[in-house]
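Since the structure comes first, as structure tokens, the remarks are kept for the end.
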Amino acid sequence: MGEGKSIYWSRFVKDLSPYRPGEQPGKENVIKLNTNESPFGPSPSVLRAVQAVLNDDLRLYPTPNGNPLREKISNYYGLSERQVFLGNGSDEVLAHAFNCFFRKDKPILFPEITYSFYSVFCKLYGIKNKKISLTQNLKINLEDYYIANGGIIFPNPNAPTGTLLSLDNIRCLLEFNTESVVIIDEAYIDFGGVSALPLLKNYKNMLIIHTLSKSRALAGMRIGYALGSDELIDGLYRVKNSFNSYPTSRLQIAAAIASFKDEDYFQDSIKKIKKGRDALSKGLQVLGFAVTPSFGNFLLVAHADHGAFSIWKRLRQDGILVRHFDQYPISNHLRISVGNEVQNRALLEALREICGTDTN
Ligand SMILES: *Cc1c(COP(=O)(O)O)cnc(C)c1O
């Protein structure tokens with residue numbers, strides 16, 4: 001498909017620069033460590049719950065605002081229902097949030113290296129933005145965000161670096177920044193970070209966004225949600241109800257409720273991922289990789305003697321997919337999702353071949 005070619009497209013569409021997700025190969029025997037999916041399936045009770053709603057009721061629309069899932073999530077986090085907004089994946093929640101809170105006169109602020117969808121939404125909605133550099137060791141320094149703005153967004157932990165900000169840092173930012181909305185994208189918070197949730201009661205301009213795609217192994221189901229003050233959540237429903245009345249299907253609602261009910265399975269998966277992350281990090285360092293300390297289910301790594309792109313290509317030939325971002329200052333880094341034990345071992349084995357032989 002040609003880019004910017006069709007005479008039928010509006011000029012607006014010609015100028016878009018869509019997000020490029022990591023590839024989803026059709027093939028079975030690929031080791032997929034490129035999109036931070038869970039290597040473990042969802043809880044068996046989730047699968048049963050989805051099967052249980054595969055019946056004639058599918059002729060009926062789901063509840064417009066996603067109840068009873070909205071209720072389940074509000075109970076899980078000790079919030080009121082009015083503080084929960086549901087969407088078709090957190091990407092959709094983010095899209096509505098940009099539309100709702102960030103179409104302001106002043107530019108919004110986000111890290112130079114971060115989830116690349118933020119730039120895409122800015123383009124889609126014509127939102128001015130200022131990208132703030134990371135520190136030398138690839139961290140976010142929130143003090144750099146103490147400037148006039150139309151809104152602030154960052155993931156915590158950040159992606160694709162995996163670095164974590166403390167609640168103290170976030171609280172200080174919220175004390176300073178009261179005039180615009182601060183969105184914290186906590187897609188990876190379950191892997192060892194501390195959620196900003198306790199700050200919600202004091203800061204009505206903070207929005208937290210979560211996804212069930214990573215820690216709850218439901219990327220294929222497309223469920224995300226936002227937590228915030230009634231005021232922000234009401235705004236999101238206004239946008240959503242001007243766009244799609246039913247973004248979460250009966251299957252999505254059933255799957256997500258079952259996931260929140262099975263806390264043991266959830267905690268167990270998290271524990272396994274963290275253990276795998278530690279082992280993988282050690283293994284990679286033995287092979288000469290510098291590993292950015294990560295609080296996500298992925299590692300950002302670089303090798304002193306081997307270029308990231310050539311490693312990426314060799315791994316791909318070996319049937320192992322990882323992610324390379326051709327973007328300063330991480331163009332010599334690779335982002336590797338933490339897999340299961342077998343996948344992690346296969347990755348280290350392949351890297352030993354690639355990085356071990358020709359230099360040392
Ligand atoms: C994966 C990811 C998302 C998107 O999650 P979905 O719910 O699958 O749309 C959002 N933000 C960040 C930082 C992510 O890594």
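For ligands, and for the atoms within them, numbers begin at 1 and follow the listed sequence.
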Please state whether [X] comes within less than 4.0 angstrom of ligand 1, counting heavy atoms only.
X	value
R222	yes
G224	no
Y188	yes

Identify whether the distance between the nearest side-chain nitrogen and carboxylate oxygen of [X] and [Y] falls below 4.0 Å.
X	Y	value
E37	K214	no
R82	D234	yes
R171	D168	yes
R316	E23	yes

Residue T211 vicinity, atoms of ligand 1 by number, heavy atom under 4.0 Å: 5 (O), 6 (P), 7 (O), 8 (O)
Numbering as shown, the atoms of ligand 1 that approach G89 to under 4.0 Å (heavy-atom distance): 7 (O), 9 (O)
Atom 14 (C) of ligand 1 - nearest protein heavy atom and its distance: K214 NZ, 3.1 Å
Taking atom 5 (O) of ligand 1 as the reference point, the nearest protein heavy atom with its distance: S90 OG, 3.0 Å
For ligand 1, the portion of S213 having any non-hydrogen atom under 4.0 Å away: side chain
Residues which pass side chain to side chain donor-acceptor pair (under 3.5 Å) with Q136, listed by chain and number, not counting sequence neighbours: none
F260 six-ring centre to R216 NZ/CZ under 6.0 Å and within 45° of normal: yes
Enumerate donor-acceptor pairs with a distance under 3.5 Å from any side-chain N or O in residues 282-295 to protein atoms, sequence neighbours excluded.
| from | atom 1 | to | atom 2 | distance (Å) |
| --- | --- | --- | --- | --- |
| Q285 | NE2 | S281 | O | 3.3 |
| Q285 | NE2 | S281 | OG | 3.0 |
| T292 | OG1 | L300 | O | 3.3 |
| S294 | OG | G296 | N | 3.0 |
| S294 | OG | F298 | O | 2.6 |

N/O separation below 3.5 Å, D185 to ligand 1: yes
